[in-house]
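A short write-up of the structure that comes next.
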Amino acid sequence: MAKSDNKMADTDEKIFIGKCVQPAWLTLGLANRHGLVTGATGTGKTVSLQVMAEGFARAGVPVFAADIKGDLSGISEVGEPKDFILKRAGDMGLTFRPDRFSTIFWDVFGEQGHPVRATVSEMGPLLLSRMMDLNDVQEGVLNIAFKVADEQGLLLLDMKDLRAILSFIAEHAADLTTQYGNVSKQTVGTIQRQLLVLENQGGAKFFGEPALALKDFMRTDSDGRGMINILVADKLMQSPQLYATFLLWMLSELFEELPEAGDPPKPKLVFFFDEAHLLFNDAPKALMDKIEQVVRLIRSKGVGVYFVTQNPIDVPDKVLAQLGNRVQHALRAFTPRDQKAVAAAAQTFRPNPKLDTAKVIMELGKGEALVSFLEGNGTPAMVERVMIRPPSARIGPITPEERKAIMDKSPVKGKYDTTIDSESAYEVLQKRVAGSAASADAPAGGGGILGQISAIVGTIFGTNVSRGRMSTGQVVARSVTRSVTNKVVGGAAASLGKSVGGSMGSSVGRALVRGALGGLLRR
């Protein structure tokens, strides 16, 4: 055993991942060029993910990771000096130092973590269509529903808002058909049924307010370490479409909200996407093209995306080409088809004349991996057989009591735990049906969408009542209305929500412009 581990410790510029003849380093300045962790079940992918997440956190980089089996939750508790851990550390010349990392747990269902919500408008028709597995005709009608909501000044926040606007366009199908094309009541009915399926899968808990503020993912703790955000996904994985679409929405939101950063000395956030093959299964070509585009462009925002799956061939070639940092655990080849998959995986690495890559992939033991990280000039290093270092935190799941203690001390405790039911499309349409929205249908600010937005802003700030001198709320409302008008006229309404402030303001803005992925599709 080596007496010193100085050469094996993380530095300000790189993370020590493992060791062969030489240490395997992941360079922080190249970590936003994305990566891939692959291997058969039980070969150590989760431990490699944990080692990388710990390294990023030590470097002050926030991390987001989906936890499919619950094993990753142990990163929040102090590691245990078990015999196999001490042996591996000793063999690598490391001194095992138990550690724990500041962790925030998130859960779409709000059961084992803080609730994660988005508004219907934030999700947009493209991703909703994917989530509900709609065909082209049904997706077209859903787009019409969103367009009508925009024109009517109706906020789409939760599932009942979406149901209400779909019912509205079904009732006015004859009028809408002349303007937007065929709107079939039968098609609307099919979408409503798919919404019911989504609700039964728990999707209704995902849509609503308060919507997630992505800045809450990008925190450091009191020691300057990056906080590790864990999405509890064991239950979510029972609805694969919901899981994949949710993470894709998060990527598109990060792409939209973060400013350009070029190539920073370390990432602003690292995003681990487990079971990544679900993102690409049965995705239409247009969506595949845009996924590739977002993955390619989000690098300049300082975000590193690391896909975790069984085989590199699970990832389309255009996306695979963007993943510069690779960790390949063992693959098994019992059939000719398996052998082809192994050969294909081997071909994704820069060859090493000293290694038969395809053969080694099948020989790797637990905790071993073939590793190729980007080097100083941004080119991949030759593949090496590496023993992955042991994590510093606990390996395996935590107890419910430990989880509760962490959530009780969470920096976002109370922020998302209670649902807010703001007045939105459902309530407004209900009032119209009741005949009590006559004044709202004819706002003093003028007709059309701009007048309707003015009325909504006035309602938010309580300024629809005439007063002799403008109050502070009226001044703000007038300023916001002018901002809305300018944004609409200029065709750049994406930043509107920021000028309003709060979740309601964000929803107003997003009613005009969808998330980044939807916006890219319209280019």
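We number each residue from 1, following the sequence as shown.
No side-chain heavy atom of Lys409 sits under 4.5 Å from any side-chain heavy atom of Met407. Looking at heavy atoms from C-beta onward, Pro391 lies in side-chain contact with Val47 at the 4.5 angstrom threshold. Between Ile15 and Met52, the closest side-chain pair of non-hydrogen atoms is not below 4.5 Å. Considering only heavy atoms from C-beta on, Leu231 stays 4.5 Å or farther from Met250 through its side chain. With a 4.5 Å cut-off on side-chain heavy atoms, Asp421 and Glu427 count as touching. Between Leu195 and Met159, the closest side-chain pair of non-hydrogen atoms falls below 4.5 Å. Taking the side chain as every heavy atom from C-beta outward, Met131 and Leu198 approach each other to under 4.5 Å. Under the 4.5 Å side-chain criterion, counting only non-hydrogen atoms from C-beta, Glu111 is not in contact with Val232.
In terms of modelled atom types and a separation under 3.5 Å, the side chain of Asp99 and the main chain of Ala393 share no donor-acceptor contact. The backbone N or O of Glu260 lies less than 3.5 Å from no partner atom in the side chain of Ser300, so there is not a single donor-acceptor pair. Formation of a donor-acceptor pair under 3.5 Å by the Asp10 side chain with backbone atoms of Phe16 is found in this model. In terms of modelled atom types and a separation under 3.5 Å, the side chain of Asp158 and the main chain of Asp161 share a donor-acceptor contact. Remark: side-chain polar atoms of Asn32 are paired, donor with acceptor, to backbone N or O of Arg299 under 3.5 angstrom. No donor-acceptor pair under 3.5 Å is formed between the side chain of Asp223 and the backbone N or O of Arg225. Within the 3.5 Å criterion, the main-chain N or O of Ile230 finds no donor-acceptor partner in the side chain of Asp67. Between the Ser372 side chain and the Pro380 main chain, no donor and acceptor come within less than 3.5 Å of each other. Checking side-chain atoms of Asn325 against main-chain N and O of Gly35 turns up no donor-acceptor pair under 3.5 Å. Lys266 places no side-chain N or O within 3.5 Å of a backbone atom of Leu28 that could act as its donor or acceptor partner.
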Could you walk me through whether Thr46 and Asp71 pass the side-chain hydrogen bond (donor to acceptor under 3.5 Å, both in side chains) check? CA-CA 8 Å; Thr46 301; Asp71 293 350; 5.0 Å; no
Chi angles and distances behind the side chain to side chain contact (heavy atoms under 4.5 Å, CB included) call for Lys415, Asp216: CA-CA 10 Å; Lys415 183 173 181 179; Asp216 283 330; 2.8 Å; yes
Start with the C-alpha distance between Val412 and Trp106, add both sets of side-chain angles, then the distance that settles side chain to side chain contact (heavy atoms under 4.5 Å, CB included), and finish with yes or no. CA-CA 10 Å; Val412 297; Trp106 303 89; 4.0 Å; yes
Are Ile68 and Val308 close enough, and set up right, to give a side chain to side chain contact (heavy atoms under 4.5 Å, CB included), and what steps lead you there? CA-CA 11 Å; Ile68 302 297; Val308 183; over 6 Å; no
Passes side chain to side chain contact (heavy atoms under 4.5 Å, CB included), Glu253 versus Leu212? Steps please. CA-CA 10 Å; Glu253 288 292 291; Leu212 175 68; over 6 Å; no
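Distance check: Ser422 OG to Leu157 CG gives 6.0 Å after rounding to the nearest 0.5 Å. Of the inter-residue distances, the one linking Ser424 atom OG with Glu209 atom CD reads 7.5 Å to the nearest 0.5 angstrom. Distance check: Arg326 CZ to Leu36 CG gives 5.5 Å after rounding to the nearest 0.5 Å. Atom CG of Leu254 and atom CZ of Phe271 lie 6.5 Å apart (nearest 0.5 Å). In this structure, the separation between CD1 on Ile165 and CG on Leu154 is 5.0 Å, given to the nearest 0.5 Å. Note: Leu30 CG to Trp25 CH2 = 15.0 Å, rounded to the nearest 0.5 Å.
Of the listed residues (Phe101, Phe56, Phe272, Phe64), just one forms a side chain to side chain contact (heavy atoms under 4.5 Å, CB included) with Ile228, and that residue is Phe101. The residue from Lys160, Arg163, Arg193, Lys205 that alone fulfils the salt bridge (charged side-chain N to carboxylate O under 4.0 Å, His left out) condition with Glu199 is Arg163.
Residues passing the side-chain hydrogen bond (donor to acceptor under 3.5 Å, both in side chains) test with Arg100: none are found, sequence neighbours excluded. Under the side-chain hydrogen bond (donor to acceptor under 3.5 Å, both in side chains) criterion, Thr419 pairs with Arg117, sequence neighbours left out. With sequence neighbours excluded, the residues satisfying side chain to side chain contact (heavy atoms under 4.5 Å, CB included) with Arg296 are Glu292, Gln293, Gln322. Residues forming a side-chain hydrogen bond (donor to acceptor under 3.5 Å, both in side chains) with Lys69 (at least two apart in sequence, or on another chain): none. Arg394 meets the side-chain hydrogen bond (donor to acceptor under 3.5 Å, both in side chains) test with Glu402; sequence neighbours excluded. Residues passing the side chain to side chain contact (heavy atoms under 4.5 Å, CB included) test with Asn135 are Val137, Gln138, sequence neighbours excluded.
Ring geometry, Phe307 versus Phe280: the interplanar angle falls from 30° to 60°, so the pair is classed tilted. Ring-plane geometry between Phe246 and Phe206 is classed as perpendicular, the angle between the planes exceeding 60 degrees on a 0 to 90 degree scale with a lower cut at 30.
More than 12 non-hydrogen atoms from other residues, nucleotides or ligands lie less than 6.0 angstrom from CZ of Phe168. Crowding of Asn200 atom CG: a count of heavy atoms from other residues, nucleotides or ligands under 6.0 Å exceeding 12. A 6.0 Å sphere centred on CG of Asp408 holds more than 12 heavy atoms belonging to other residues, nucleotides or ligands. Within 6.0 Å of the CG atom in Asp12, the count of heavy atoms belonging to other residues, nucleotides or ligands does not exceed 12. Counting non-hydrogen atoms of neighbouring residues, nucleotides and ligands closer than 6.0 angstrom, the CD atom of Glu13 reaches no more than 12 such neighbours.
The side-chain tip of Arg403 points at the ring of Phe105 from less than 6.0 angstrom away and within 45° of straight on.
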